[in-house]
Amino acid sequence: MAPAIETLRRVFGFDSFRGVQADVVDRVLAGRRTLAVMPTGAGKSLTYQLPAVMLEGTCVVVSPLIALMHDQLRAAEAVGIRAATLTSVDENRAETIERFRAGQLDLLYVAPERASGEGFRNLLGQAKLSLFAIDEAHCVSEWGHDFRPDYRLLRPLLDRFPDVPRLALTATADAHTRADILEQLGLPQEGLIVAGFDRPNIRYAITPRENTTRQVIDLIAETPGPGIVYAQTRAGVEKLAEKLAAETGRPVLPYHAGLDPAVRRRNQAAFVASEEMVIVATVAFGMGIDKPDVRFVAHAGLPKSIEAYYQETGRAGRDGDPAVAHLFWGADDFARARQRIGEVEPQRQPGERARLTALGALVETATCRRRILLRHFGEEPAEQCGNCDNCLSPPAAIDATVTAQKFLSAVFRTGMMFGTGYIESILLGQSSERSLTNGHETLSVFGIVDGEEAALIKPVARALLLRDALRANDHGGLEFGPEARSILKGGATVALVLPPKRERRRRGGKSG
Ligand code: ADP
Ligand code: ZN
């Protein structure tokens, strides 16, 4: 390892390897095929760049995004590594090919679609190769959250050079996706190296949405320092940014793909430079941004998966100081996600569904959030982390099966066409012109809920939507989902997690 350390210090200017970097570099230098699963910011690039410098020949790096490729190229060139990109937007392709043939490149970055072409295969045969580095390797898996068919075409290329070591890299892979990557890229089981995923300085909190704007304003008021608020749509970003700017007294800027590139660059630069700015953004924001002092990441809606959640929240607290990740979710997020899953190709639906279920479990739990996150990434952490909402103020879990049965029964008896508000009014026995004309006041469920149980109706509706016992149609009307029967028949119970009393009163007081 001595020469590796020497190169690390001389070329990269770092004192020591971080985490599993040394293990990965060791394996690669020994020519063994490897899959490195390392969270964002753990220093994946180094694990192929360093061998690329040390080994004779060129390291071919497959990377899916041209923009990121150019960032990496600049970073590599900055420390004096001989590197180039070979993409459709590069005008110096002929020159790059010449440099490659002459053995003058340590790193050659290519997009997967190029890598799979016959011309490229022939080109690779014309010089010595040191390593194949496959970045964002989860793209090769249909089970992964970002499948790219072009990645499937890599295998024949790799197999044409069986003696060139392979290093696959990803930040985000559950056990199933990992196994798939190993198989798809021809890597041995023992080649899997997983870095620790825990980010102990991030405090996780997850709360049902009530008044998103109000909730985010409260969070900002409690959390000084720069922060990112993720909204789901461009329009959502604009609206939220405006309100936060008006009400928080903090500098607030929007960021989404619909903005002029110059504006986007300006807003990003302003955020990176600021010690107090809040940026409201779509998830496009944050890739490749190196801002260590982000103090909070808020989600105003459900992320796409646990992987996405981990990656997005991981932009908080990179400096190791305390930071907060707060997710605000609504049952409609799950309904929409299910609808989207219905629209993807059939073979990808099981993976998508499993991802949503995992996310549901994280959101719904009364137990430690960090434990659920880390177990998702294959770790076996302590029962309690002491730094998430559920550990810090344990919520009360109650059995709400009877209320759930009443709710489902009311949905059924009113013909499965009304929304949560109307069903609630029927259960509470609130007479209205609508309930009168519909003849719903004579139903046995009319007024069947009162007293303390009334407070359970909305959380119950949310829980039923989340676990697919209820589905909302296009007009917001509730229908039975596949899980409804077993709850009605008493085979399945519905446990509700209620936020601790103190917090409930505070929130209730603020929203009126
Ligand atoms: P990833 O690709 O895993 O998200 P990067 O490769 O971009 O992470 O590295 C994240 C940051 O960590 C970069 O700023 C990089 O220079 C730095 N870094 C990587 N390895 C080390 C190390 N051994 N010591 C100190 N800093 C490192
Ligand atoms: Zn915890």
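As the structure lists them, so they are numbered: ligands from 1, and atoms in each ligand from 1. Not measured: the values here are computed from a predicted model.
- A salt bridge links R74 with D71: the closest approach of a Lys/Arg side-chain nitrogen to an acidic carboxylate oxygen falls below 4.0 angstrom.
- Looking only at protein heavy atoms, the nearest one to atom 10 (C) of ligand 1 is G41 O, 3.7 Å.
- For ligand 1, the atoms closer than 4.0 angstrom to any heavy atom of S16 are 22 (C), 23 (N), 24 (N).
- Nearest non-hydrogen protein atom to atom 14 (O) of ligand 1 is D290 OD2, 3.3 Å.
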For this session: Verify side chain to side chain contact (heavy atoms under 4.5 Å, CB included) between N390 and T365, making sure each step is shown before the conclusion.
Result: CA-CA 8 Å; N390 287 348; T365 188; 3.8 Å; yes
For this session: Could you give me the CA-CA distance, side-chain angles and deciding distance for F296 and I220, then say whether side chain to side chain contact (heavy atoms under 4.5 Å, CB included) is met?
Result: CA-CA 8 Å; F296 69 87; I220 293 174; 3.7 Å; yes
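- Within 6.0 Å of atom NZ in K458, 12 or fewer heavy atoms from other residues, nucleotides or ligands are found, so the atom counts as exposed in its surroundings.
- Shown in contact with P39 at under 4.0 Å from a heavy atom are these atoms of ligand 1, numbered in order with element: 3 (O).
- Ranking the protein heavy atoms by distance from atom 19 (C) of ligand 1 puts Q21 NE2, 3.6 Å first.
- Scanning all protein heavy atoms for the shortest distance to atom 8 (O) of ligand 1 gives G43 N, 3.2 Å.
- Counting heavy atoms closer than 4.0 Å to ligand 1, residue A75 contributes nothing at all.
- Using a 4.0 Å cut-off between charged side-chain N and carboxylate O, D333 and R462 make no salt bridge.
- Looking only at protein heavy atoms, the nearest one to atom 6 (O) of ligand 1 is S45 OG, 2.5 Å.
- The protein heavy atom nearest to atom 17 (C) of ligand 1 is R18 NH2, 3.8 Å.
- Comment: D180 does not engage R178 in a salt bridge, judged by the lack of any side-chain N to carboxylate O separation of less than 4.0 angstrom.
- Of the protein's non-hydrogen atoms, F14 CZ, 4.1 Å is the one closest to atom 15 (C) of ligand 1.
- With respect to D135 and K44, no salt bridge is recorded, no charged nitrogen being found less than 4.0 Å from a carboxylate O.
- Rounded to the nearest 10 degrees, the angle SG (C388) to the Zn ion (ligand 2) to SG (C391) equals 100°.
- Numbered from 1 in the order shown, with element, the atoms of ligand 1 that lie under 4.0 Å from a heavy atom of K44 read 1 (P), 2 (O), 3 (O), 4 (O), 6 (O), 8 (O).
- Remark: distances from the non-hydrogen atoms of A171 to ligand 1 are all 4.0 Å or more.
- Note on ring orientation: taking the six-membered ring where Trp is involved, the planes of F132 and F161 are tilted (angle from 30° to 60°).
- No option in E312, H299, R315 other than R315 meets the side chain to side chain donor-acceptor pair (under 3.5 Å) test with Y230.
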